[in-house]
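Note that the structure is a prediction, hence the values are computed from the model and not measured. A note on names: the letters A, B, ... follow the listed sequences, proteins ahead of strands, and every chain is numbered from 1.
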There are 2 protein chains.
Amino acid sequence: MHSRPPSAPRYVVVAGVLRDAIIAGRYPLGSSLPSERQLMEAHGIARGTARHAISLLVEEGTAAVRRGAQAVVIAAPPPPEQTLSELLSFSAWARSLGCEPSGRVIALSRRTATPDDTAALALGADEPVWDLTRVRMLDGRAVMIERSTYPHRIGQIVAALDLERVSITSALLDHDIHLARARHTIDARPASADDASLLGVDEGAPLLRVRRLATSPLGEPLERGEDRYLGDAVAFSVDNVARQASTRRTADRS
Amino acid sequence: MHSRPPSAPRYVVVAGVLRDAIIAGRYPLGSSLPSERQLMEAHGIARGTARHAISLLVEEGTAAVRRGAQAVVIAAPPPPEQTLSELLSFSAWARSLGCEPSGRVIALSRRTATPDDTAALALGADEPVWDLTRVRMLDGRAVMIERSTYPHRIGQIVAALDLERVSITSALLDHDIHLARARHTIDARPASADDASLLGVDEGAPLLRVRRLATSPLGEPLERGEDRYLGDAVAFSVDNVARQASTRRTADRS
DNA sequence: TAGTGGTCTAGACCACGTG
DNA sequence: ACGTGGTCTAGACCACTAC
């Protein structure tokens with residue numbers, strides 16, 4: 001069963017009941033969910049609340065709705081992970097895979113922001129920033145090089161951490177700093193000589209490059225990063241639904 | 001101005017008014033949008049309708065809301081593209097870049113589905129499928145190899161097309177077949193000998209591999225594809241918001 | 001403390017698809 | 001023809017933020 005905190009909104013509770021019923025096989029793939037009016041009756045709620053519940057299932061890709069027909073189950077409910085934090089936190093992701101995450105700090109230093117940094121991180125001129133380079137490992141195997149740049153306010157906190165032991169994401173949370181949004185840009189690049197020696201591959205080997213800008217709930221940039229993954233170790237999955245603007249192909253930069 | 005069809009829902013109209021005002025500089029980045037009560041007054045609408053309008057801006061990443069405070073502008077409104085169709089249609093994407101799309105058919109053939117196909121495309125055993133391989137070009141430069149597999153029902157339609165001239169996506173639309181959802185899995189692979197000669201690069205060059213499963217609004221698989229892009233010609237961007245489950249890193253398959 | 005967004009109710013009319 | 005989801009109204013109470 002999907003357990004929920006005591007006083008969740010009614011629409012969240014109802015959505016959870018439906019999810020559980022789907023998992024239990026009560027509504028197989030392709031079958032219809034109860035109509036909004038039926039949900040009103042069954043749970044003693046108003047129609048708006050029933051609609052809200054179903055809309056949660058639609059957002060997460062579990063159900064699809066058509067005008068004039070009841071909602072249809074089109075996929076199994078996803079596990080209740082914190083998807084974004086898994087994407088931003090290597091540690092959280094590794095643990096969800098059942099792997100032991102580890103890391104080695106290659107470099108940590110303070111410097112003056114370049115014009116490039118001030119634009120991307122919305123800084124004033126000449127503000128200091130922090131650079132952090134790490135090699136990240138799954139069960140002892142190096143799979144990724146992570147190069148991050150932090151504004152000084154964040155870098156101060158990061159620099160004080162035991163980076164081999166604690167997760168930056170969760171340490172920032174302790175300081176009430178929430179990474180709430182992120183934009184990732186993904187392409188393929190050949191391994192440089194540096195990359196190659198850090199990851200133990202040949203120079204020129206295909207790496208998946210992920211450039212990242214993570215922001216607070218209000219859009220203030222908190223971290224700028226470039227990760228390079230072993231091309232055959234990691235993949236990114238994206239779900240796209242018509243009418244949602246989340247993923248796009250971008251032009252070449254050559 | 002963002003023009004809209006005559007009888008759009010009120011909440012869409014109001015959202016459009018807000019978008020236009022943001023673009024016009026009336027609500028700069030970081031400023032507050034009108035409160036829901038103010039929108040009720042200004043547009044003569046109920047609060048639910050005002051909420052709905054703002055929620056559109058939140059979904060598309062233009063605004064952010066916090067309990068107790070008015071919504072805040074956190075980004076410029078995105079262009080009114082059909083993002084998914086741009087992702088699924090090379091032609092539409094190319095035109096949005098101001099490039100001339102073209103393509104060359106390498107192979108088109110019918111064969112019996114493998115167990116792999118029947119699982120991915122939800123087919124019966126031994127159903128026929130169609131394979132299509134194309135090289136795709138932007139302004140005459142080969143940037144991508146596209147390998148698609150279609151169930152027979154779709155393949156029939158595709159095989160009858162002048163593939164050098166018409167877009168498959170729009171041709172399917174004429175047959176009332178809507179590609180409404182897609183899952184993309186992205187990683188980096190070295191160019192095979194075949195890839196290399198088709199794209200005019202060296203064997204082993206880094207390619208961005210995108211595996212795709214496109215489905216109807218109800219989740220019926222319509223196309224399975226594997227695209228290989230020149231690593232330095234194309235990138236994918238993903239926007240992630242906390243609490244939404246759209247993108248994830250997946251484990252290695254080695 | 002005043003105003004805000006988050007939740008919820010109880011009605012209503014419409015366009016649409018399914019039976 | 002009927003039931004469905006899509007839209008919209010007009011209230012209400014609460015928890016939270018800003019001042």
Side-chain angles (χ1 to χ4, degrees), chain A residues 4-18 27 30-59 62-74 176 178 180 216-218 220 241-243, chain B residues 4-18 27 30-59 62-74 176-178 180 216-218 220 241-244:
Chain A
R4 279 164 298 278
S7 76
R10 293 267 251 281
Y11 64 85
V12 174
V13 174
V14 172
V17 169
L18 289 174
Y27 304 107
S31 69
S32 293
L33 290 174
S35 75
E36 294 170 356
R37 270 92 172 175
Q38 288 169 339
L39 285 176
M40 294 171 62
E41 281 261 336
H43 295 89
I45 57 180
R47 197 175 149 216
T49 308
R51 272 180 78 69
H52 203 341
I54 289 182
S55 80
L56 292 186
L57 300 184
V58 172
E59 273 174 41
T62 302
V65 288
R66 298 125 69 208
R67 191 200 209 91
Q70 289 162 240
V72 168
V73 180
I74 62 170
D176 213 37
H178 299 254
S216 74
L218 267 62
E220 305 151 327
V241 184
R243 310 220 139 269
Chain B
R4 279 165 298 281
S7 77
R10 293 267 247 281
Y11 63 86
V12 174
V13 174
V14 173
V17 169
L18 289 174
Y27 304 108
S31 69
S32 292
L33 289 175
S35 74
E36 293 171 357
R37 270 94 173 173
Q38 288 169 340
L39 286 177
M40 294 171 61
E41 280 261 338
H43 295 88
I45 56 179
R47 197 174 149 216
T49 308
R51 273 182 77 69
H52 203 342
I54 290 183
S55 80
L56 292 186
L57 300 183
V58 171
E59 272 173 41
T62 302
V65 288
R66 297 126 69 211
R67 189 200 211 92
Q70 289 162 240
V72 168
V73 180
I74 62 171
D176 213 37
I177 295 173
H178 298 255
S216 74
L218 267 62
E220 306 150 327
V241 183
R243 310 221 140 270
Q244 280 195 0

- What nucleotide among D/dC8, C/dG5, C/dC8 has an atom nearest to a side-chain atom of A/Pro9? C/dC8
- Please give, in whole Å, the distance from C/dC8 P to A/His43 NE2? 13 Å
- Query: When all nucleic acid strands are considered with a 4.0 Å heavy-atom cut-off, which category describes B/Ile54: base, sugar-phosphate, or nothing?
  - Reply: nothing
- Length of the CD-P vector between B/Gln70 and C/dG6, whole Å: 12 Å
- The single option from B/Val17, B/Val13, B/Thr49 that satisfies side-chain contact (heavy atoms from CB on, under 4.5 Å) with B/His43 is B/Val17
- Task: Could you check how far CD of B/Glu36 sits from P of D/dG11, rounded to whole Å?
- Result: 17 Å
- Whole-Å distance between D/dT7 P and A/His52 NE2? 15 Å
- Ignoring backbone atoms, test whether A/Thr49 places a side-chain nitrogen or oxygen under 4.0 Å from the OP1 or OP2 oxygen of C/dT9. yes
- Message: Quick check: do A/Ile54 and A/Leu39 have side-chain heavy atoms less than 4.5 Å from each other?
- Response: yes
- Query: How far does CZ of A/Arg10 sit from NE2 of A/His52, to the nearest 0.5 angstrom?
  - Reply: 13.5 Å
- Message: Quick check for you: to the nearest 0.5 Å, what is the distance between B/Leu57 atom CG and B/Leu33 atom CG?
- Response: 6.5 Å
- Within this structure, what is the CE-to-C1' distance between B/Met40 and D/dA12, rounded to whole angstrom? 12 Å
- Residue-phosphate contact under 4.0 Å: A/Arg10 side-chain N/O, C/dT9 OP1/OP2: yes
- Task: Check the distance between C/dC14's C1' and A/Arg47's CZ and give it to me in whole angstrom.
- Result: 11 Å
- Quick one: label A/Arg51 by what it contacts on the DNA or RNA (base, sugar-phosphate, nothing), any heavy atom closer than 4.0 Å. base
- Atom-pair distance (CG on A/Leu39; P on D/dT4), nearest Å: 11 Å
- Query: For the side chain of A/Arg66 and the base of D/dG6, is some donor closer than 3.5 Å to an acceptor across the two?
  - Reply: no
- If you draw a 6.0 Å radius around CD in A/Glu41, do more than 12 non-hydrogen atoms from other residues or ligands fall strictly inside? no
- Task: Please state how far atom CG in A/Leu218 lies from atom P in D/dT17, giving the value in whole angstrom units.
- Result: 12 Å
- B/Tyr11 vs D/dT7: side-chain N/O to OP1/OP2 distance below 4.0 Å: yes
- Given D/dT9, C/dC13, C/dT18, the nucleotide with the shortest approach to the side chain of A/Ala69: C/dT18
